[in-house]
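Side chains included, hydrogens not; waters and symmetry mates left out as well; all remaining heavy atoms used. Proteins get letters first, then strands, A, B, ... in listed order; numbering begins at 1 in each.
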Amino acid sequence: MAYLKLDHVDKVFTRGSTQSEVLKDINLTVEKGDYVSIIGHSGCGKSTLLNIVAGLTDATQGGVLLEGREVNSPGPDRAVVFQNHSLLPWLTVYDNVRLGVDKVFGSTKSRAERDEWVLHNLNLVQMTHAKDKRPSEISGGMKQRVGIARALAMEPKVLLLDEPFGALDALTRAHLQDSVMALHQKLNNTVMMITHDVDEAVLLSNRIVMMTNGPSARIGEVLEVPLPHPRKRLELASNPIYLKCRQRVLEFLYERHRFVEAA
Amino acid sequence: MNMPLAKTTTSALAAPSPASPAAVVSLPKSSRSFVSDTLLPNLRALAVRVIPPIIMVALIFAVWQILCMKPGATLPSPSRIWVDAKDLIVDPFFVAGPQDIGLGWRVLTSLQRVAVGFGLASVVGIVVGAIIGQSVWAMRGLDPIFQVMRTVPPLAWLPISLAAFRDSNPSAIFVIFITSIWPIIINTAVGIRNIPQDYRNVAAVVRLNPLEFFWKIMIPSAAPYIFTGLRIGIGLSWLAIVAAEMLTGGVGIGFFIWDAWNSSRLSDIFVALAYIGIVGFVLDRIVAFIGNIATRGAQAN
């Protein structure tokens with residue numbers, strides 16, 4: 001049985017009398033410990049797909065099964081790292097992580113254990129030094145690290161990343177990608193990531209799900225990335241498998257499913 | 001490192017040559033003391049803010065004095081007020097008899113009423129505002145009613161509340177309450193409606209229950225709006241209390257003005273006006289100050 005299963009998911013947005021079908025018959029299974037990227041042009045509904053898995057949006061047809069049980073409301077078992085970090089600006093870095101920890105482990109862990117667990121997760125993303133700062137006092141990359149710590153601290157069954165590096169500059173992005181790769185290696189968690197960056201998808205994931213253009217976007221192709229972990233950014237630059245995977249994704253995105261303006 | 005300053009200046013003017021390594025020039029250490037560094041600029045900043053208003057007040061008093069000095073003037077001049085109402089100006093807290101007490105006591109009585117009325121309005125206003133900010137239907141149903149109610153002048157409520165409570169003190173408090181609650185409700189509702197979807201998503205993923213959502217997300221996120229409402233509300237309460245007390249009687253500063261008018265003590269009225277103005281200003285500043293502290297985090301992003 002698949003760990004996470006998207007079963008014939010359709011999504012239709014209705015506004016007044018106009019209906020627009022965003023997603024059409026999405027079927028996808030994700031095994032435990034897998035790292036799956038979903039890539040597609042902007043507007044193809046990949047964020048909608050992630051929101052459906054997160055439970056923030058309801059599917060019109062079909063559903064999402066996690067360990068064989070249907071999930072249709074948001075919960076900490078599918079923690080999300082949001083694109084714009086979404087830290088609460090009135091809480092310190094520590095309290096932002098603590099908010100989720102207190103809710104998830106309020107009855108199972110003692111006060112001291114929760115405190116330790118927050119610090120442990122901040123340490124995983126190397127943000128312990130800023131634990132008493134407010135989000136406005138730290139950089140964009142640091143905010144995203146805290147966002148990752150907040151999600152990890154809930155011990156999610158599936159970690160959902162919604163274009164987590166999209167708002168960062170190239171150097172910070174590369175640095176954070178390495179961190180996420182190291183964390184996945186260390187914790188072996190199940191990750192589903194939305195991205196529009198081909199290199200990022202190939203570098204991080206075991207499988208790349210390529211979406212066709214909307215409306216009525218489908219899964220066009222699923223590409224396995226048979227590169228062993230841990231992966232090194234510099235060594236991969238000339239690796240033939242890496243280049244071939246990259247080529248496949250580029251061809252899919254820019255030849256077969258070229259983005260058409262106002263399609 | 002220890003190049004003479006003049007030489008560095010000339011070499012800096014010359015075209016930069018990539019071969020020469022950049023030299024760090026240490027500027028001569030300043031020998032200024034605490035007095036010239038910290039004290040004087042602060043004093044100057046203070047003087048810049050304090051001196052112009054003092055000059056303006058002096059000018060206004062001078063013009064007033066000239067206008068009201070001639071015999072037959074209808075209003076007392078500042079010097080006249082000083083002679084007539086010296087006891088009220090000098091000692092706000094004297095007690096000379098049951099109805100002959102300092103203006104400080106009267107202001108405190110009025111403030112007590114404002115505290116009860118405004119306190120109730122704050123609690124009820126924030127809760128009601130939160131509800132109609134959360135619910136589209138409550139908003140549609142109640143917002144037009146609130147928009148009409150908030151334009152009713154405070155004193156128009158007084159006869160109704162006198163009829164309902166049959167006592168002056170609760171009536172005055174009710175007038176404060178009903179006057180100050182509308183801006184609090186409306187601003188809170190707007191603040192709640194403007195909570196970013198991101199924060200709602202975070203709350204949903206963490207699974208906060210409605211009560212936790214209220215305390216941990218709604219209140220801090222809407223705090224800047226709420227405090228704007230509270231600030232307008234406290235100003236309106238202070239406007240309303242004076243008018244209400246004029247009609248209900250008792251000990252407050254409003255009744256004092258009415259009483260002074262009835263016994264033709266015009267000078268006392270001027271002193272009372274000064275008290276009211278200063279207290280209103282202080283109230284506004286207190287709410288603004290609390291607001292600044294409480295919303296430190298929510299504004300910065």
- More than 12 heavy atoms from other groups under 6.0 Å of CD on B/Gln112: no

- Take atom CD of A/Glu116 as the centre, draw a 6.0 Å sphere, and report whether it contains more than 12 heavy atoms from other residues, nucleotides or ligands. no

- Item | Side chain / backbone / both / neither for A/Asp102 at chain B, heavy atoms under 4.5 Å | neither

- Message: Rounded at 0.5 Å granularity, tell me how far CG in A/Leu91 sits from CD1 in B/Ile217.
- Response: 7.5 Å

- Query: Which atom pair, heavy atoms only, marks the closest approach of A/Lys103 to B/Arg207?
  - Reply: CE-O, 3.0 Å

- Note on the structure: When every non-hydrogen atom of B/Tyr199 is compared with those of A/Leu87, the smallest separation belongs to CE2-O, 3.8 Å

- Query: For the candidates A/Ser73, A/Ser86, A/Ala79, which exhibits the highest count of non-hydrogen atom pairs separated by less than 4.5 Å from chain B?
  - Reply: A/Ser86

- Task: Measure across A/Leu99 and B/Val206 and return the closest heavy-atom pair with its distance rounded to 0.1 Å.
- Result: O-CG1, 3.9 Å

- Where on A/Val80 is there a heavy atom nearer than 4.5 Å to chain B: the side chain, the backbone, both, or neither? both

- Is there side-chain contact between B/Val202 and A/Arg150, with heavy atoms separated by less than 4.5 Å? yes

- More than 12 heavy atoms of other groups within 6.0 Å of A/His120 NE2: yes

- Item | Euclidean distance, B/Asp198 CG relative to A/Phe82 CZ, rounded to 0.5 Å | 7.0 Å

- Task: For A/Trp90 and B/Ala294, indicate whether the former's side chain and the latter's backbone hold a donor-acceptor pair under 3.5 Å.
- Result: no

